[in-house]
Engineer: 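First the structure, which I've put down as structure tokens, then a few questions once you've had a look.
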Amino acid sequence: PILYSYFRSSCSWRVRIALALKGISYDLVPVNLIKDGGQQFSAEFKALNPMQQVPALKIDGITLSQSLAIINYLEETHPNPRLLPQDPKKRAQVRMIADHIVSGIQPLQNLSVLKQMGEKKMEWAQNCIASGFKALEQILQHTAGRYCVGDEVSMADLCLVPQVANAERFKVDMGPYPTITRINKALLELEAFKISHPSRQPDTPAELRA
């Protein structure tokens, strides 16, 4: 498999965690979203992913984009360890939390949106994340065990950790979100989350390396 990724992209990080958890080795091709006006806009990358976004994964003779579509494919082709619970109610909760982050928070503070916000981009990002986290904290108080849904790592956790990293980067006060903070801390102790971390990627700039 070949993963087209950017070290700081939270969507790419989700997929890196899934690949690490499932023990799938891959080659990484960095796509710098800032350099050269954004390498995702090159004709070469556009042919690979017409949406001009990372991640993209070449695997089993196909090319997939969109992090959750990629994670679901990995789940179906490499079922162990499981990232979706067998219990239908818990599985629905995992998908709900993942969608809450992937559709309801992350796109609003994404690079392409922030470019259009000009000087207000920091304030905009903080507001979008805080409003999403307020709802998420409430949801997690009902679903969480050690992790987002019960005590097993799930697709929801793969979405949570990169989003918390975004929140920290945009200096969001995490004080009002004790459940999110606790789960994030527990997940960052796991090896798959450590090796996939933005500070440990081949394209991480020297000053941001762990």
Side-chain angles (χ1 to χ4, degrees), residues 1-85 91 94-116 153-163 165-166 187 190-205 208:
I2 301 172
L3 178 66
Y4 295 80
S5 165
Y6 177 55
F7 80 101
R8 199 175 242 168
S9 150
S10 59
C11 306
S12 299
W13 188 5
R14 294 170 198 150
V15 173
R16 294 197 304 262
I17 301 166
L19 289 162
L21 282 167
K22 291 181 179 291
I24 302 167
S25 58
Y26 60 93
D27 293 324
L28 189 136
V29 175
V31 179
N32 193 311
L33 304 187
I34 295 161
K35 200 175 161 190
D36 311 324
Q39 293 174 348
Q40 70 275 29
F41 301 121
S42 71
E44 185 189 2
F45 189 73
K46 191 180 178 182
L48 192 79
N49 180 10
M51 280 295 280
Q52 300 172 298
Q53 296 170 335
V54 290
L57 181 69
K58 275 187 180 176
I59 189 168
D60 300 337
I62 58 170
T63 302
L64 293 170
S65 59
Q66 298 301 331
S67 62
L68 290 196
I70 295 170
I71 293 165
N72 276 306
Y73 178 77
L74 297 176
E75 179 72 356
E76 287 168 8
T77 53
H78 298 77
N80 292 314
R82 207 171 42 228
L83 295 177
L84 285 167
R91 201 181 317 148
V94 165
R95 287 185 166 134
M96 169 180 75
I97 293 162
D99 275 343
H100 182 91
I101 295 166
V102 170
S103 306
I105 304 177
Q106 191 272 329
L108 298 171
Q109 47 94 110
N110 204 4
L111 184 64
S112 57
V113 174
L114 294 182
K115 271 184 185 168
Q116 296 176 52
V153 174
S154 72
M155 190 161 73
D157 300 299
L158 275 57
C159 298
L160 182 82
V161 168
Q163 187 55 56
N166 282 347
L187 288 163
L190 304 176
E191 187 60 20
F193 287 79
K194 287 180 186 172
I195 61 172
S196 58
H197 195 279
S199 64
R200 295 177 63 175
Q201 298 313 300
D203 58 328
T204 307
L208 297 175

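Basis for what follows: all heavy atoms, side chains included, without hydrogens, waters or symmetry-related copies.
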Engineer: If only atom types and distance count, is the side chain of Thr63 paired as donor or acceptor with the main-chain N or O of Lys58 below 3.5 Å?
Structural biologist: no
Engineer: Just how far is it from atom OG1 of Thr77 to atom CG of Asp60, taken to the nearest 0.5 Å?
Structural biologist: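 The OG1 atom of Thr77 sits 6.0 Å away from the CG atom of Asp60.
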Engineer: Closest approach of Ser154 and Val94, non-hydrogen atoms and distance?
Structural biologist: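 Scanning both residues completely, I find the closest heavy atoms to be OG-CG2, 3.4 Å.
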Engineer: Quick one: pull up CD1 in Ile97 and CZ in Arg95 and give me the separation to the nearest 0.5 Å.
Structural biologist: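 Atom-to-atom, Ile97:CD1 and Arg95:CZ are 13.0 Å apart.
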Engineer: For a 4.5 angstrom cut-off between non-hydrogen side-chain atoms, does Tyr26 reach Ile59?
Structural biologist: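 They are not in side-chain contact.
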Engineer: First locate atom CG of Asn80, then atom CG of Leu21, and finally report the distance between them rounded to the nearest 0.5 Å.
Structural biologist: 12.0 Å
Engineer: Mark yes or no for whether Asn49, through its side chain, and Lys46, through its backbone, hold a donor-acceptor pair below 3.5 Å.
Structural biologist: no
Engineer: From Gln53 CD over to Phe41 CZ, what is the distance, rounded to the nearest 0.5 angstrom?
Structural biologist: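 Output value for this atom pair is 9.0 Å.
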Engineer: For Pro85, is there any backbone N or O sitting under 3.5 Å from a side-chain donor or acceptor partner on Arg91?
Structural biologist: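 Judged by distance alone, yes, a pair lies under 3.5 Å.
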Engineer: Backbone N or O of Ile34 within a donor-acceptor pair of the Asn32 side chain at under 3.5 Å?
Structural biologist: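 Side chain of Asn32 to backbone of Ile34, a donor-acceptor pair under 3.5 Å: yes, one is there.
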Engineer: Please name the pair of heavy atoms, one in Ile70 and one in Pro55, separated by the smallest distance, quoted to 0.1 Å.
Structural biologist: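 Looking at all heavy atoms of both residues, the closest pair is CD1-CG, 4.0 Å.
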Engineer: In terms of heavy-atom contacts, does CD of Glu191 have more than 12 from other residues, nucleotides or ligands at under 6.0 Å?
Structural biologist: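 Atom CD in Glu191 is packed in, count exceeds 12.
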Engineer: Whether the side chain of Asp99 engages the backbone of Ser103 through a donor-acceptor N/O pair (distance < 3.5 Å, no angle test) should be reported.
Structural biologist: no
Engineer: Can you list, pair by pair, the side-chain donor-acceptor contacts under 3.5 Å of residues 2-9, counting residues two or more places apart and other chains?
Structural biologist:
unit_1: Ser5; atom_1: OG; unit_2: Arg16; atom_2: NH1; d: 2.9
unit_1: Ser9; atom_1: OG; unit_2: Cys11; atom_2: N; d: 3.4
unit_1: Ser9; atom_1: OG; unit_2: Ser12; atom_2: N; d: 2.9
unit_1: Ser9; atom_1: OG; unit_2: Ser12; atom_2: OG; d: 2.9

Engineer: Would you mind listing every salt bridge (Lys or Arg N to Asp or Glu O under 4.0 Å) that reaches into residues 19-39, with sequence neighbours excluded?
Structural biologist: Lys22-Glu75
Engineer: Will you find, in the side chains of Gln52 and Gln39, an N or O donor that is under 3.5 Å from an N or O acceptor?
Structural biologist: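 There is no such pair between these side chains.
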Engineer: Looking only at heavy atoms, what is the nearest atom pair of Gln201 and His197, with distance?
Structural biologist: NE2-O, 2.9 Å
Engineer: Would a 4.5 Å heavy-atom cut-off, applied to side chains only, mark Leu74 and Leu57 as touching?
Structural biologist: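 Result yes, sub-4.5 Å side-chain heavy-atom pair found.
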Engineer: Which distance, rounded to the nearest 0.5 Å, do you find between the CG of Leu33 and the CG of Asp203?
Structural biologist: 9.0 Å
Engineer: So which heavy atom on Val153 is nearest to which on Leu187, and how close?
Structural biologist: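 Minimum heavy-atom separation between Val153 and Leu187: CG2-CD2, 4.1 Å.
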Engineer: Do Gln106 and Asn166 get their side chains close enough for a donor-acceptor pair, meaning under 3.5 Å?
Structural biologist: no
Engineer: Rounded to the nearest 0.5 Å, how far apart are CD1 of Ile17 and CD1 of Ile71?
Structural biologist: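 Between Ile17 CD1 and Ile71 CD1, I get 8.0 Å after rounding to 0.5 Å.
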Engineer: So, applying side-chain contact (heavy atoms from CB on, under 4.5 Å) with Trp13, which one of Ser67, Pro162, Cys159 is it?
Structural biologist: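 The side-chain contact (heavy atoms from CB on, under 4.5 Å) with Trp13 is passed solely by Pro162 among Ser67, Pro162, Cys159.
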Engineer: Shortest non-hydrogen contact from Val113 to Leu108?
Structural biologist: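 Heavy atoms of Val113 and Leu108 come nearest at CG1-O, 3.4 Å.
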Engineer: Between Ala98 and Leu68, which heavy-atom pair has the shortest distance, and what is it?
Structural biologist: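 What the structure gives for the nearest pair is CB-CD1, 4.3 Å.
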Engineer: Pair Leu83, Asp157 - check side-chain contact (heavy atoms from CB on, under 4.5 Å), show working.
Structural biologist: CA-CA 9 Å; Leu83 295 177; Asp157 300 299; over 6 Å; no
Engineer: Exactly one of Gln163, Arg14, Met155 should register a side-chain contact (heavy atoms from CB on, under 4.5 Å) with Val102. Which one does?
Structural biologist: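 Checked Gln163, Arg14, Met155 against Val102; only one passes side-chain contact (heavy atoms from CB on, under 4.5 Å): Arg14.
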